[in-house]
Amino acid sequence: MGDRGVNSKNDRPGRYRFAGLGAGLAWGTLQESAKRLVFGTPNLQGNQSALSPYLSEKNAERLALALCRMRGAALKLGQMLSIQDESVVPAPILAALDIVRQGADVMPRSQLNQVLGSELGQDWSSKLKSFDYEPMAAASIGQVHRAVTKDGMDVAMKIQYPGVADSIESDIDNVKLLLGYTNLIPEGLYLENAMKVAKEELSRECDYELEAKSQKRFGILLSGAKGFYVPVVIDDLSSKRVLTSELVPGIPIDKVALLDQETRNYVGRKLLELTLMELFVFRFMQTDPNWSNFLYDESERIINLIDFGAARDYPKPFVDDYLRMVFACANNDREAIIKLSQRLGFLTGEESEIMMETHVQAGFVVGLPFSKLGGYDFRANNITQSISNLGATMLRHRLTPPPEEAYSLHRKLSGAFLACIKLGAVVPCRELLLEVYEKYEFGEYGNEKLASGSG
């Protein structure tokens, strides 16, 4: 790769890379249009890729590879899109964006030394016994390196790419233009609102001092919770753009899926328990559901938690009503779902009958794991397919974007469900929810008894 740098503030990579990408997409569009004139447009059963030559497989790949080179906000948005499904994003785009999710370009050594020197002092290496220049992982705004401290502790050093924080606004605006050009995102996703939330989230994620505080806060909150561990932050090796933590062992969720059923059930239960605790007990949640952020140590039966850049608080009035709505969904209470959805801002009250009914049905599907006592088999019930089908209808008929809190919250909740599906876990979901509910102190309306169907 040489020493040209990654997202350097001075080389204005966004402008040139988008110019090159635009030219590549234009050429790819001409090729795809010509091919369709000769061979006809394939029948893709309503898939958006059948509607626009911009969305050819080659153009999708060009988009994904450009995001890989760009880093920062653009890559993060590519990663966010890559966890969607075909009802929202066309299959060729999903396949190409999987490249983005897997990784991207690595900082050259000279640039790495420059960042470490400016953040930790030019004598940074004297604070360590060893430092591995080969990154353990390369993500959207930084890469992680293994090191050993002077006292012999194995640590993971997350080092931010130069210029990432400064380029958030321009990168997201450029991606927004590009997505509009390719007609990639349906109007019902309210791209303007999603971009606003993405800018705010990414600004927080670029502040490693804030992330260190969140990591320490989670360490305190989970200190009495069995089965979880938050690694220690090493303060004298951390700064605004470098975060050093105790290196913890474990395998990510997709590897846990290869273990025995009892282990998969245990890990699925702990993940859902953690999600419910974060929202309804702490009202403070790590909202990035990336499977690599949850490392299972089989020898200790502990889930080691890493990466707290996307942690955020939720206001109590919102959480109060959201818990009420979860139970309304679990109990198939149509009237309560509509009332609470309007109060929370998911509905305006002016929706068409088809939108209202689809929204309610989606609530029933999401509430299904919590509807009955006993183990719920996530693999035997195709929740994601049902939600995808309903989601496509809602995108066409919705009148308002979801409340701001919903973007991060639903990302985490869907991630927890997808993890349980990946594990093929059987989890007593209703019991876990009841345990939280019985201890919950409602604010404005006082403590409430469970609605009908408490099992």
(Q) Under 4.0 Å between a side-chain nitrogen and a carboxylate oxygen: does that hold for Lys339 and Glu335? (A) no
Q | Cationic N near anionic O, under 4.0 Å, Lys226 to Glu300 | A | no
Q: Please list, chain by chain and in numerical order, all residues satisfying ring pair (Phe, Tyr, Trp, His ring centres under 6.0 Å) with Phe284, sequence neighbours excluded.
A: Phe218
Q. Mind checking whether Met277 and Val436 have side chains closer than 4.5 Å, heavy atoms only?
A. no
Q: Locate the shortest heavy-atom distance separating Cys329 from Ile337; write the atom from each residue and the value.
A: CA-CD1, 3.8 Å
Q) Do Lys240 and Asp207 sit within salt-bridge range, that is, some charged N less than 4.0 Å from a carboxylate O? A) yes
(Q) Salt bridge or not between Arg269 and Glu431? Use side-chain N to carboxylate O under 4.0 Å. (A) no
Q) For Arg146, does the CZ atom sit with more than 12 other heavy atoms under 6.0 Å from it, leaving out its own atoms? A) no
Q. Charged N to carboxylate O below 4.0 Å: is that the case for Lys412 and Glu278?
A. yes
Q) Is the backbone of Ala330 close enough, under 3.5 Å, to the side chain of Ser371 for a donor and an acceptor to pair up by distance? A) no
Q: Compute whether any side-chain donor of one residue and acceptor of the other, for Gln215 and Ser245, lie under 3.5 angstrom apart.
A: yes
Q. Distance-only, no hydrogens or angles: does the Ser223 side chain make a donor-acceptor pair with backbone N or O of Ile220 under 3.5 Å?
A. yes
(Q) To check you understand the geometry: which heavy-atom pair defines the closest contact between Gly415 and Trp291, and what is its length? (A) O-NE1, 4.3 Å
Q: Answer with yes or no whether the side chains of Thr263 and Tyr296 bring together a donor and an acceptor at under 3.5 Å.
A: no
Q.
Within the structure provided, determine whether Asp307 and Lys158 are in side-chain contact (heavy-atom separation under 4.5 Å).
A. yes
Q. Can a salt bridge be assigned to the pair Arg301 and Asp297 using a cut-off of 4.0 Å between side-chain N and carboxylate O?
A. no
(Q) Between Leu409 and Met285, is there a side-chain heavy-atom distance shorter than 4.5 Å? (A) yes
Q: Can you measure from OG (Ser352) to CZ (Arg398) and round to the nearest 0.5 angstrom?
A: 12.5 Å
Q. Which is it for Thr358 and His397 under the side chain to side chain donor-acceptor pair (under 3.5 Å) test, yes or no, and what are the steps along the way?
A. CA-CA 10 Å; Thr358 304; His397 295 278; over 6 Å; no
Q.
Under a 4.0 Å threshold between the charged nitrogen and the carboxylate oxygen, would Arg312 count as salt-bridged to Glu200?
A. no
(Q) Filter on ring pair (Phe, Tyr, Trp, His ring centres under 6.0 Å), then keep only pairs touching residues 247-282, sequence neighbours left out; what's left? (A) none
Q) Is there a side-chain contact between Phe327 and Asp333 (heavy atoms, below 4.5 Å)? A) no
**Q.** Heavy-atom closest pair, residues Ala257 and Leu423
**A.** N-CD2, 3.7 Å
Q | Test: Arg241 cationic atom under 6.0 Å from Tyr208 six-membered ring centre, within 45° of axis | A | no
Q: Would you check if Arg379 and Ile421 make a side-chain contact, meaning some heavy-atom pair closer than 4.5 Å?
A: no
**Q.** Side-chain H-bond candidate by donor/acceptor type, Ser408 with Glu405, under 3.5 Å
**A.** no
**Q.** Beyond-backbone contact of Val365 with Gln361, side-chain heavy atoms, under 4.5 angstrom
**A.** no
Q.
Between Tyr407 and Asn193, do the side chains contain a donor N or O and an acceptor N or O under 3.5 Å apart?
A. no
Q.
Would you say that Ile302 contacts Phe228 through its side chain, given a criterion of any heavy-atom pair below 4.5 Å between the two side chains?
A. no
Q | Glu435 bridged to Arg430 by N-O distance under 4.0 Å | A | no
Q) Are Tyr133 and His145 close enough that their ring centers fall under 6.0 Å? A) no
Q: Go through the steps to decide whether Tyr437 and Phe442 satisfy the test ring-ring contact (aromatic ring centres under 6.0 Å, His included), and finish with yes or no.
A: CA-CA 10 Å; Tyr437 186 91; Phe442 286 95; 5.8 Å; yes
Q.
Strictly by ring pair (Phe, Tyr, Trp, His ring centres under 6.0 Å), give each pair with a member in residues 409-436 just once, sequence neighbours left out.
A. Tyr322-His410, Phe346-His410, Phe378-Phe417
Q: Would you mind reporting whether Tyr229 and Ile303 have side-chain heavy atoms less than 4.5 Å apart?
A: no
Q: Evaluate the criterion salt bridge (Lys or Arg N to Asp or Glu O under 4.0 Å) for residue pair Lys216 and Asp235; output intermediate values, then yes/no.
A: CA-CA 11 Å; Lys216 293 173 183 177; Asp235 287 318; 2.8 Å; yes
